[in-house]
Q: 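One structure follows; several queries about it will come next.
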Amino acid sequence: ITVTVNSVTGGKDAIDVRQVGGTGNLAVEATGLLTATNQHGVFINNTGAGNVSVTVASVDANFDGVSANNTNGTLTVNASGTLNSATRHGVRADSESGGTTQVISVNNAYGNQSGVFTNHQGTGSSTINVTGSVTGNLQAAIDTNTGSGGMTIINLNSGADISSNS
């Protein structure tokens with residue numbers, strides 16, 4: 001399943017894509033502003049077998065800017081603009097025990113909790129690439145949880161600015 005859009009405004013989620021069981025990849029590509037007045041800019045959940053890919057420009061959401069979950073396979077989030085969450089995380093990425101590699105790349109991310117939150121319980125590594133400003137208000141700017149034997153790599157590229165108000 002691939003969803004390709006420019007700009008979307010939603011009363012709940014701007015984009016909501018789910019695969020329950022089954023096999024196949026999920027992808028969201030948004031080139032404009034995604035606005036979610038009540039919940040997520042992008043909510044993508046794959047409980048089957050396959051990869052999850054989210055590529056967005058900018059998101060303004062009440063809950064998570066991007067909330068991505070993958071049970072089996074690779075999880076990738078690329079955000080070139082600004083991700084803004086009024087109440088939770090700029091990006092929330094969860095890879096369950098069958099998940100393999102997790103790669104999160106953000107330019108600017110703000111969350112009232114954390115700017116970037118990752119939970120990687122699968123095999124392989126979790127990598128976070130930052131090129132701009134990442135801010136967490138009530139928690140860490142970048143908050144990671146990695147399962148036993150896992151590893152998280154955080155790359156702060158030129159121009160990266162990490163801050164937390166907690």
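Please read these numbers as outputs of a predicted model, since none were measured by experiment.
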Q: Flag the pair Val56 / Val66 as yes when at least one side-chain heavy-atom distance between them is below 4.5 Å, and no otherwise.
A: yes
Q: Applying side-chain hydrogen bond (donor to acceptor under 3.5 Å, both in side chains), name anything that partners Asp16, two or more places apart in sequence or on another chain.
A: Arg18
Q: Rounded to the nearest 0.5 Å, what separates atom CD in Gln113 from atom OG in Ser164?
A: 11.5 Å
Q: Heavy-atom distance under 4.5 Å between the side chains of Val52 and Thr76, does that happen here?
A: no
Q: Are Ile153 and Val134 connected, step by step, through hydrophobic side chains (Ile, Leu, Val, Met, Phe, Trp, Tyr) whose heavy atoms are closer than 4.5 Å?
A: no
Q: Would you kindly confirm whether Ile15 and Leu83 end up in one hydrophobic cluster when ILVMFWY residues are joined by side chain heavy atoms under 4.5 Å apart?
A: yes
Q: Measuring only between side-chain heavy atoms, which start at C-beta, is Thr152 closer than 4.5 Å to Ile128?
A: yes
Q: If you round to the nearest 0.5 Å, how far is CZ of Phe117 from OG of Ser67?
A: 10.0 Å
Q: Restricting to non-hydrogen atoms, name the atom on Gly32 and the atom on Ala57 that form the minimum distance, rounded to 0.1 Å.
A: O-CB, 3.8 Å
Q: Has the side chain of Asn38 got a donor or acceptor atom that lies under 3.5 Å from a matching backbone atom of Gly11?
A: yes
Q: Closer than 3.5 angstrom, by distance alone: can the side chain of Thr87 be matched with the main-chain N or O of Asn62 as a donor-acceptor pair?
A: yes
Q: First locate atom CD1 of Ile162, then atom OG1 of Thr135, and finally report the distance between them rounded to the nearest 0.5 Å.
A: 7.5 Å
Q: Under a single-linkage definition using a 4.5 Å side-chain heavy-atom cutoff for Ile, Leu, Val, Met, Phe, Trp and Tyr, are Leu33 and Val8 assigned to the same hydrophobic cluster?
A: no
Q: Mark yes or no for whether Ser125, through its side chain, and Thr127, through its backbone, hold a donor-acceptor pair below 3.5 Å.
A: no
Q: Quick one: are Val130 and Ile142 in side-chain contact, heavy atoms under 4.5 Å?
A: yes
Q: What distance do Ser126 atom OG and Asn119 atom CG have between them, rounded to the nearest 0.5 Å?
A: 9.0 Å
Q: Is there side-chain contact between Val28 and Thr55, with heavy atoms separated by less than 4.5 Å?
A: no
Q: Using atom types as modelled and distance alone, determine if a side-chain donor or acceptor of Asp60 lies under 3.5 Å from a backbone N or O of Thr35.
A: no
Q: Is there a path from Leu26 to Leu75 through hydrophobic residues (I, L, V, M, F, W, Y) whose side chains come within less than 4.5 Å of each other?
A: yes
Q: Could you check whether any side-chain N or O of Thr74 sits under 3.5 Å from a backbone N or O of Gln102, counting only pairs where one atom can act as donor and the other as acceptor?
A: no
Q: Does a side-chain heavy-atom distance below 4.5 Å link Ser166 with Leu138?
A: no
Q: Glu96 versus Asn69: any side-chain heavy-atom pair under 4.5 Å?
A: yes
Q: Does Asp13 use its side chain to pair, donor to acceptor, with the backbone of His40 at less than 3.5 Å?
A: yes
Q: Determine the sole option in Thr144, Thr118, Ile154 for which the side chain to side chain contact (heavy atoms under 4.5 Å, CB included) test with Ile104 is passed.
A: Thr118
Q: Classify the side-chain pair Asn107/Thr131 by whether it contains a donor and acceptor separated by less than 3.5 Å.
A: yes
Q: Are Leu34 and Val42 close enough that some pair of their side-chain heavy atoms sits under 4.5 Å apart?
A: yes
Q: What pair of heavy atoms forms the shortest contact from Gly41 to Ala14, and how long is it?
A: O-CB, 3.2 Å
Q: Answer yes or no: is there a donor N or O on one side and an acceptor on the other, between the side chain of Asn25 and the main chain of Asn51, under 3.5 Å?
A: yes
Q: Report the residues that fulfil ring-ring contact (aromatic ring centres under 6.0 Å, His included) with His120, sequence neighbours left out, ordered by chain and then residue number.
A: none
Q: Are Val103 and Leu156 connected into the same hydrophobic cluster when the rule is that any two of I, L, V, M, F, W, Y join if their side-chain heavy atoms are below 4.5 Å apart?
A: no
Q: Distance-only, no hydrogens or angles: does the Asn129 side chain make a donor-acceptor pair with backbone N or O of Asn155 under 3.5 Å?
A: no
Q: Nearest 0.5 Å please: distance from the OG atom of Ser58 over to the CG atom of Asn84.
A: 10.0 Å
Q: State whether the side chain of Ser114 and the backbone N or O of His89 hold a donor-acceptor pair below 3.5 Å, judged by distance alone.
A: no
Q: Can you name the one residue among Asn46, Asn45, Thr100 that meets side-chain hydrogen bond (donor to acceptor under 3.5 Å, both in side chains) with Asn70?
A: Asn46
Q: Would you say Asn137's side chain and Asn165's backbone share a donor-acceptor pair under 3.5 angstrom?
A: no
